[in-house]
Amino acid sequence: MDAQLIESLREFVSYKSISSDSFYKEESGKALMFLKNFIESLGGETLVVPHPNSRNSLLMGKIDVEGAQRTLLIYGHYDVQPANLEDGWDTEPFDLTEKDGYLYGRGATDDKGPITATLHAVKELVESGKLKTNLRFIYEGEEESGSTGFEEMVQANKSFLGSVDGIVIMDNYWLTDSQPCLTYGVRGLVALGITVSGPKQDLHSGIHGGAVREPLTDLIELLSQLFDQEGRCAIEGFYDTVAPLSNLEQEQLEKIQYDLDSYAKQIGVKSLSTSDKIELLKRRWREPTFSIHGFDHVYFGKGTKTVIPAKAEAKVSMRIVPDQKPEEIAELAVKAIKQRFETLNSSNELDVVVYATGDWWLGDTSNFLFTEAHEAIKTVWGMEPVYTREGGSIPIIKFMEDVFNAPAMMLPIGQSSDSAHSQNERIRIENLLKGKEVMKHLFSRQQ
Ligand code: BES
Ligand code: ZN
């Protein structure tokens with residue numbers, strides 16, 4: 001049975017469901033069909049919801065059990081980040097490869113492994129007649145591209161799923177490699193593009209250098225004014241609405257055992273921004289950040305190119321936290337960027353676009369989902385789970401809680417060293433199998 005789970009994952013991973021590139025739309029369709037067929041083979045019903053902008057469709061599924069007292073909704077995403085062998089992978093990213101108890105491949109942990117483990121848990125329960133919970137599924141194909149169209153697609157088709165009692169989100173990772181976790185919060189996101197443009201086309205820096213104000217230089221000056229010397233956001237008011245730390249949170253943080261040295265080693269840095277465990281976890285989970293991801297329209301190749309780029313765009317984003325409001329933060333940032341640019345007195349032009357905004361989510365660990373999952377983890381793993389929050393974003397959680405009027409819980413399957421989004425993404429076979437067992441416990445409860 002365990003071999004079957006691995007074979008299923010092998011097939012699922014082989015479909016290159018990369019949502020950021022429309023070239024892979026057909027492959028993404030195959031990944032969706034894989035899930036659709038799986039759910040139907042278990043006696044379930046499915047609904048394929050086409051994307052409003054013809055991107056990847058959303059799959060809804062349901063499996064009803066006679067006499068079941070409750071209904072759980074499972075969320076996952078079948079799309080993945082791009083991956084190429086040449087990026088520095090040791091094995092072909094879309095050819096699942098087993099090594100030393102791990103399975104390597106794009107999507108192994110984010111998010112195809114957890115999805116496959118869930119479906120095999122259901123399969124085993126259906127086959128043994130032990131499934132006692134009605135199940136609902138939402139598998140989307142655009143999560144890695146900001147979940148565009150998700151709200152519209154779910155709103156228009158929520159009646160297919162009906163009412164649910166709890167939402168289980170399977171799309172994050174343990175804090176370490178050794179202790180299972182349950183997760184009760186994620187940060188939100190505001191993504192911006194800041195463009196400074198000048199001449200009508202790129203200029204030779206020898207011929208024209210000195211005659212113009214250079215857009216990229218303006219952009220760098222502007223960006224430098226948005227950060228303080230420690231790299232924190234210097235936009236006035238940015239931190240004003242961050243919720244104060246509650247006693248409960250302080251207690252939760254204190255309980256966590258976390259070795260900062262091994263974390264620093266894992267990510268390959270000489271030192272972290274703080275050597276205090278609680279402070280570090282606060283900075284990763286419950287404080288906002290501001291990052292510069294990259295530049296567009298500027299020279300990037302090898303060697304040198306003596307050019308003045310006609311325009312330059314910086315791609316930046318902010319991770320936001322309770323009680324910051326995504327739209328308010330976006331507005332605050334756009335206003336501050338425009339004001340700062342004014343002070344440069346440049347004849348170049350500034351354009352700021354908001355690419356995406358996504359809400360944070362903060363759950364309630366006292367509800368039945370956490371109590372039951374806690375018990376299941378204790379039984380399967382022989383240890384208590386750690387309660388974590390996440391710095392990453394899954395913007396649709398709060399929306400789903402509101403639409404279905406039910407609480408959510410995040411149930412991570414993989415370990416912290418799984419390298420989601422990176423080279424050599426993987427999942428430990430033990431995590432996959434025990435993850436499946438945890439779900440069997442949850443879905444076989446009468447109430
Ligand atoms: N699985 C991650 C979300 C995640 C990452 C949760 C880290 C917890 C910790 C997901 O696939 C992802 O990467 N999401 C994007 C969302 C963005 C595009 C809106 C992210 O966080 O950057
Ligand atoms: Zn994910």
Side-chain angles (χ1 to χ4, degrees), residues 12-13 17-21 28 31 55-56 74-83 105-118 138-151 168-176 181-193 263 266-267 281 283-286 288-294 315-321 326 329-330 354-363 386-400 408-422 425-427 435:
F12 197 15
V13 164
S17 46
I18 303 165
S19 57
S20 57
D21 188 343
S28 301
R55 295 177 67 116
N56 293 329
I74 317 293
Y75 164 89
H77 62 90
Y78 66 84
D79 63 322
V80 294
Q81 290 275 318
R106 176 54 89 225
T109 197
D110 186 12
D111 190 21
K112 291 178 171 174
I115 293 178
T116 313
T118 311
I138 294 186
Y139 290 129
E140 69 157 318
E142 289 291 332
E143 195 276 345
E144 300 291 7
S145 300
S147 296
T148 57
F150 184 87
E151 301 195 358
V168 182
I169 313 278
M170 319 257 317
D171 190 22
N172 72 308
Y173 328 100
W174 290 359
L175 175 62
T176 65
C181 300
L182 286 173
T183 305
Y184 62 96
V186 295
R187 290 193 285 197
L189 188 80
V190 173
L192 304 175
Y263 170 55
Q266 184 197 329
I267 61 172
L281 292 175
R283 289 184 189 182
R284 285 176 64 188
W285 295 347
R286 63 153 354 265
T289 54
F290 189 11
S291 306
I292 305 177
H293 304 296
K315 310 259 188 195
V316 305
S317 84
M318 295 158 186
R319 296 280 169 176
I320 56 165
V321 299
I329 293 293
V354 180
Y355 282 123
T357 57
D359 233 333
W360 45 262
W361 165 72
L362 192 57
V386 188
Y387 285 75
T388 60
R389 279 167 73 165
E390 283 281 14
S393 306
I394 305 177
I396 49 72
I397 304 184
K398 209 163 169 199
F399 162 78
M400 294 221 289
M409 171 185 71
M410 291 173 76
L411 178 58
I413 302 295
Q415 299 163 291
S416 70
S417 64
D418 280 353
S419 299
H421 292 208
S422 182
E425 178 180 345
R426 65 182 189 175
I427 193 159

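Heavy atoms only: backbone and side chains are in, while hydrogens, waters and symmetry mates are out. For ligands, and for the atoms within them, numbers begin at 1 and follow the listed sequence.
Between Glu143 and Tyr75 the shortest heavy-atom distance is CG-OH, 3.2 Å. Of all the heavy atoms in Arg106 and Val13, the pair that sits closest is O-CG1, 3.6 Å.
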### Task
Could you go through the side chain to side chain contact (heavy atoms under 4.5 Å, CB included) check for Ser28 and Arg55 one step at a time?
CA-CA 10 Å; Ser28 301; Arg55 295 177 67 116; over 6 Å; no
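The nearest protein atom to atom 3 (C) of ligand 1, hydrogens excluded, is given as Ser393 O, 3.6 Å; this is a heavy-atom distance. Distance from atom 2 (C) of ligand 1 to its nearest protein heavy atom, with residue and atom name: Tyr173 OH, 3.8 Å. Nearest protein heavy-atom neighbour of atom 6 (C) of ligand 1: Asp171 O, 3.6 Å. Among all non-hydrogen protein atoms, the one lying nearest atom 12 (C) of ligand 1 is Glu143 OE2, 3.6 Å.
Under the 3.5 Å distance criterion, the side-chain polar atoms of Asp418 are matched with a main-chain donor or acceptor of Gln415. In terms of modelled atom types and a separation under 3.5 Å, the side chain of Arg426 and the main chain of Gly105 share no donor-acceptor contact.
Within the listing of ligand 1, atoms 5 (C), 7 (C), 9 (C), 21 (O) sit less than 4.0 angstrom from a heavy atom of Gly392. Distances below 4.0 Å separate heavy atoms of Glu144 from the following atoms of ligand 1: 11 (O), 12 (C), 13 (O). Every atom of ligand 1 is numbered from 1 in the order shown, and the set under 4.0 Å from a heavy atom of Asp110 is 1 (N), 11 (O). Counting the atoms of ligand 1 from 1 in the order shown, those under 4.0 Å from a heavy atom of Asn172 are 6 (C), 8 (C). Using a 4.0 Å cut-off to heavy atoms of Glu390, the atoms of ligand 1 that qualify are 8 (C), 9 (C). Of all atoms in ligand 1, numbered sequentially from 1 with element shown, those under 4.0 Å from a heavy atom of Arg319 are 20 (C), 21 (O), 22 (O).
Rounded to 10°, the angle formed at the Zn ion (ligand 2) by His77 NE2 and Asp110 OD1 is 90°.
Ligand 1 lies within reach of Leu189, whose nearest heavy atom is under 4.0 Å from it. The closest approach between a heavy atom of Met170 and any atom of ligand 1 is not below 4.0 Å. Using a 4.0 Å heavy-atom cutoff, His77 is listed among the residues neighbouring ligand 1. Between His421 and ligand 1 there is a heavy-atom distance shorter than 4.0 Å.
A cation-pi arrangement, defined by a distance under 6.0 Å to the six-membered ring centre and an angle within 45 degrees of its axis, is present between Arg284 and Tyr263.
In summary, the side chains of Ser416 and Thr176 do not present any donor paired with an acceptor at a separation below 3.5 Å, with no hydrogens or angles considered. Donor-acceptor pairing under 3.5 Å is recorded for the side chains of Glu140 and Ser147. In the model, Ser19 has no side-chain atom that pairs as donor or acceptor with a side-chain atom of Asn56 under 3.5 Å.
Residue contacts to the Zn ion (ligand 2): Asp171 brings an N, O or S atom closer than 2.8 Å.
Relative orientation of the Phe399 and Phe150 rings is perpendicular, given thresholds of 30° and 60° on the angle between their planes.
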